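Beneath this line is the structure, given in structure tokens, with notes to follow.
Small disclaimer: the values here were computed from a predicted structure and weren't measured. Numbers restart at 1 for each chain; the letters A, B, ... are given by sequence-line order, proteins then strands.
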Amino acid sequence: MIERLQAPGAIRVEFQPIVRVHDDHVELYAVEALARGPRGTSMERPDILFEYARRKGQESAIDLVCIAEAFTASALLPGAPLLSLNIHGATLTSIDGFAQRLLTCAAKHGITPDRLMLEIIEHRAPWVIETFRATLDELRDAGVRIAVDDLGVGASNYQMIVDCRPDHLKVDRHVVLGCSRDPWRRAVLESIVTLARACSATPVAEGIEDSDDLALLLDLGINTVQGWLYAPSMPAQDLAAHPLMLR
Amino acid sequence: MAKRLLLVDNEETILFALQRYFTRVGFAVDCAKELEEAEALAMYTKYDLAIVDLSLTTTGSTEGLEIIRHLRSTRSGARVILLTAYGSPAIEREACRRGADAFLHKPRPLAEIARVAERLTGSFA
């Protein structure tokens, strides 16, 4: 299966809008590329796909395949949106010259660095912190935005924030979903808003599915959001016709 | 809610037959052909039953035992049937020690595998 996943076209990429909610309008902020394995296999589920790749020791190779497929698929999107890509922390240090490889691959698809955001989705020891930071600095200097993904669950913790110095904190849906009805979730979100402000980072809430949760987030000062309330993930050709892309 | 079944075998024909049967009797079935795929599935899904072939790569390999160990280490409550064409008393003892609930030699009629599965998980109806 691992060889099959690395064949051209085996991994499909869908895109989900990330939006900014203003008083009188909603604007597209970015589109997140989300990888899916071959249809009819267990790898259709991204959690299985990446857990399998990790267990095979091919996490970084699969990351590169996903990025290449995302660049290819994004050509169908109108308006040159900010493109958000998931990347395992380990990939930043295990691929020689990762930053240049990423930027070169993007350039081949006509994508400039300022159109890229990298969502770091894992950061497990042991790692070479100097290489990790140097790679992020190289990307940041080129104009790529950095986000810590899944904040609040798993390995997405304070260490990630300290090591990544992110521009965005993407708050995991587990914290967001139902926040309007749960004082504990609200308390966590309040602390993230304070943290983001102190770090000059922008919080992004994932998993917005109802308007009550959205109202609370806006009250707290989080207006960059992503979720089914606005749009599910979908193939590029479908998203290209979505009203958010046409505004 | 449908009971969840993990089928692990590197032979497509066996997976196909077992998947078709157990889907018909109401299970939600996931299939894996490799150790790492089975482990990944078990990380994210709570299974009621796993039917696992002992050898997934070469003759005499014992990936199935690893899968049983993984299921038990994740505190999965899944009942486990281990299938093998190359079993031995030593392998059977090891499978039981790791937490297998049943050990069946292949080839085995589908009806017999189903009977054991029903005994372990309760009525299919």
Chain B to chain A donor-acceptor contacts, backbone plus side chain, under 3.5 Å:
| from | atom 1 | to | atom 2 | distance (Å) |
| --- | --- | --- | --- | --- |
| B:Glu34 | OE1 | A:Tyr52 | OH | 2.9 |
| B:Glu34 | OE1 | A:Lys56 | NZ | 2.9 |
| B:Glu34 | OE2 | A:Met1 | N | 3.2 |
| B:Glu34 | OE2 | A:Tyr52 | OH | 2.7 |
| B:Glu36 | OE1 | A:Lys56 | NZ | 3.4 |
| B:Glu37 | OE2 | A:Ser42 | OG | 2.5 |
| B:Glu39 | OE1 | A:Arg55 | NH1 | 3.0 |
| B:Thr45 | OG1 | A:Arg45 | NH1 | 3.3 |

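Partners of B:Arg72 under the salt bridge (charged side-chain N to carboxylate O under 4.0 Å, His left out) rule, at least two apart in sequence or in another chain, are B:Asp101.
Atom-to-atom distance recorded for A:Cys66:SG and A:Leu34:CG is 10.0 Å, nearest 0.5 angstrom. Taken from CG in B:Leu120 to CG in B:Leu49, the straight-line distance is 6.5 Å, to the nearest 0.5 Å.
In this structure a side-chain-to-backbone donor-acceptor pair under 3.5 Å is missing from B:Ser61 to B:Ser55.
Residue B:Ala40 comes nearest to A:Ile48 through the heavy atom pair O-CD1, 3.5 Å, listed as atom of the first residue, atom of the second, then distance. Minimum interatomic distance between B:Ala32 and B:Leu41 (heavy atoms only, all atoms of both residues): CB-CD1, 4.0 Å.
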